[in-house]
Amino acid sequence: MVVFPKLRSLLLATVLAGGACGVAQAADLFTPPPPNPVPPSANEDWYLTIGASVSADPSYPGADNYSFRPGLIFSVRKASQLNVFRSVDDNPSFALFDTGNFRVGAVGRIDWGRDSGDSYRLTGLGNIDPALEAGAFAEWYITDWLRTRAELRYGVGGFEGIRGLLGADVILPYGQWRFAVGPRLTYGGSGYMSTYFGVTPVQAVVANAFGNPLPVYNASAGFDMVGAMAQLTYNFRNGFETGVFGGYGRLLGDAASSPLTTDANQFTAGVSLSYTFNIGKAWW
């Protein structure tokens with residue numbers, strides 16, 4: 001049975017986008033995006049989308065209990081790209097190269113870590129501090145209704161190592177509504193896998209001393225979860241967009257076999273709200 005324990009306090013990080021964005025008239029700064037696609041132009045306005053989501057996720061990778069967590073929605077796009085699909089599980093990103101159908105840029109994410117109090121299986125292991133992940137992403141819109149996306153990030157802090165994501169979305173618009181669904185596959189480097197799914201000899205000794213009979217376990221790098229994400233959004237056409245989403249993932253390999261994993265089936269569900277506004281011409 002899924003239970004919701006007392007939520008641990010989370011440190012919310014505020015990401016500030018710095019730098020001048022050209023000179024924009026004050027009256028235009030909070031102008032909502034145009035309701036219809038805008039033809040590409042060499043002198044387009046740029047728009048900032050910022051918002052938040054709240055979701056119920058496993059308390060830690062492999063957990064069978066759930067916690068509420070916040071998420072950050074952040075992107076910067078040209079006017080001609082405003083109506084392009086953005087998934088709620090896309091990590092905050094900024095395109096450095098954009099042809100319309102193909103985008104490459106920088107991406108970041110915060111991993112919130114793990115609390116040893118989240119489960120009896122973690123007794124004696126100690127906490128895992130939050131980690132900052134940064135890297136690159138690439139998107140390819142094969143057609144208007146099919147998008148593929150890949151992310152490769154490197155984490156530092158609570159763990160040190162590579163995290164990867166491969167995904168695709170079938171996009172079905174209907175007026176101001178848009179439904180999307182598609183598969184997801186994630187990769188964990190050795191640093192991530194050993195931190196979240198491994199048990200060192202020292203940890204095993206301490207855990208056993210506290211009555212938690214854990215064996216030593218080595219978790220190697222590899223694909224750690226496969227699943228799918230579905231979402232439904234509504235655009236108010238005044239800058240605001242809201243949505244609901246849900247996902248399922250199945251742990252793979254060493255992640256599924258870890259003695260710390262209490263359920264290989266991992267679910268998520270949540271809501272999101274974002275606002276998009278004009279930030280003027282690009283200085284670059």
Side-chain angles (χ1 to χ4, degrees), residues 10-11 13 15 55 57-63 69 71-72 87 89-94 96 103-116 118-119 121-122 125-140 148-168 182-204 207 214-229 247-268:
L10 300 175
L11 175 63
V15 180
S55 60
D57 300 298
S59 296
Y60 64 91
R69 288 196 175 91
L72 174 67
S87 176
D89 64 335
D90 290 350
N91 289 303
S93 57
F94 178 76
L96 301 173
R103 305 170 67 226
V104 176
V107 63
R109 178 179 181 271
I110 295 176
D111 181 291
W112 294 105
R114 186 180 72 190
D115 192 319
S116 61
D118 287 340
S119 171
R121 291 282 185 100
L122 306 179
L125 298 185
N127 299 335
I128 298 175
D129 294 332
L132 177 63
E133 302 176 21
F137 81 95
E139 282 184 351
W140 180 29
T148 59
R149 180 177 171 104
E151 294 184 8
L152 188 63
R153 310 178 304 271
Y154 192 86
V156 293
F159 77 91
E160 185 168 343
I162 293 173
R163 291 290 282 148
L165 167 69
L166 294 173
R184 300 290 189 270
L185 179 65
T186 61
Y187 175 87
S190 58
Y192 172 83
M193 294 293 289
S194 61
T195 299
Y196 276 99
F197 297 103
V199 181
T200 68
V202 172
Q203 287 177 323
L214 289 177
V216 174
Y217 184 78
N218 296 314
S220 302
F223 291 103
D224 61 310
M225 189 164 65
V226 63
M229 174 67 70
Y248 167 75
R250 174 76 182 184
L251 293 179
L252 304 172
D254 288 353
S257 302
S258 171
L260 306 181
T261 295
T262 55
D263 192 347
N265 298 302
Q266 306 280 277
F267 297 90
T268 185

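Predicted model, so just to flag it, every value in this text is computed and none were measured. Heads up: numbering here begins at 1 and tracks the sequence.
- At least one donor-acceptor pair closer than 3.5 Å links the side chain of Thr195 to the backbone N or O of Gly191.
- The aromatic rings of Phe159 and Tyr192 sit perpendicular, their planes meeting at an angle over 60°, well past the 30° parallel limit.
- At least one donor-acceptor pair closer than 3.5 Å links the side chain of Arg184 to the backbone N or O of Ala168.
- Put simply, the side chain of Arg114 reaches to within 4.5 Å of the side chain of Leu260, judged on heavy atoms.
- Across all their heavy atoms, Ala264 and Ala256 have their closest contact at CB-CB, 4.5 Å.
- In this structure, Asp111 CG and Tyr196 OH are separated by 3.5 Å, a value rounded to the nearest 0.5 Å.
- For the residue pair Ala207 and Leu214, the shortest heavy atom distance occurs at CB-CD1, 4.0 Å.
- Side chain of Gln203 to backbone of Val216: no donor-acceptor contact under 3.5 angstrom is found.
- To the nearest 0.5 angstrom, Leu251 atom CG is 5.0 Å from Phe197 atom CZ.
- Scanning both residues, Leu122 and Ser116, for their nearest heavy atoms gives CB-O, 3.5 Å.
- Remark: side-chain polar atoms of Arg69 are paired, donor with acceptor, to backbone N or O of Pro58 under 3.5 angstrom.
- Taking CG from Asp129 and CG from Asp115, the interatomic distance works out to 10.5 Å, rounded to the nearest 0.5 Å.
- In this structure a side-chain-to-backbone donor-acceptor pair under 3.5 Å is present from Thr262 to Gly62.
- Proximity of Glu160 to Tyr154: side-chain heavy atoms (C-beta onward) are separated by under 4.5 Å at one or more points.
- Electrostatic pairing of Asp224 and Arg163 counts as a salt bridge here, judged by a charged N lying under 4.0 Å from a carboxylate O.
- Counted within 6.0 Å of CG on Asn218, heavy atoms from surrounding residues, nucleotides or ligands total 12 or fewer; the atom is thus considered open.
- You'll find the side chain of Leu185 stays beyond 4.5 Å of the side chain of Tyr187, heavy atoms only.
- Here CE of Met193 is found 5.5 Å from CG of Asp254. Values are rounded to the nearest 0.5 Å.
- When side chains are defined from C-beta on, Pro259 counts as touching Pro215, because their heavy atoms get closer than 4.5 Å.
- There is a side-chain donor-acceptor pair under 3.5 Å between Asn265 and Arg250.
- To the nearest 0.5 Å, atom CG of residue Asn91 and atom CD1 of residue Ile110 are 10.0 Å apart.
- Between atom CE of residue Met229 and atom OG1 of residue Thr268 there is a gap of 5.5 Å, rounded to the nearest 0.5 Å.
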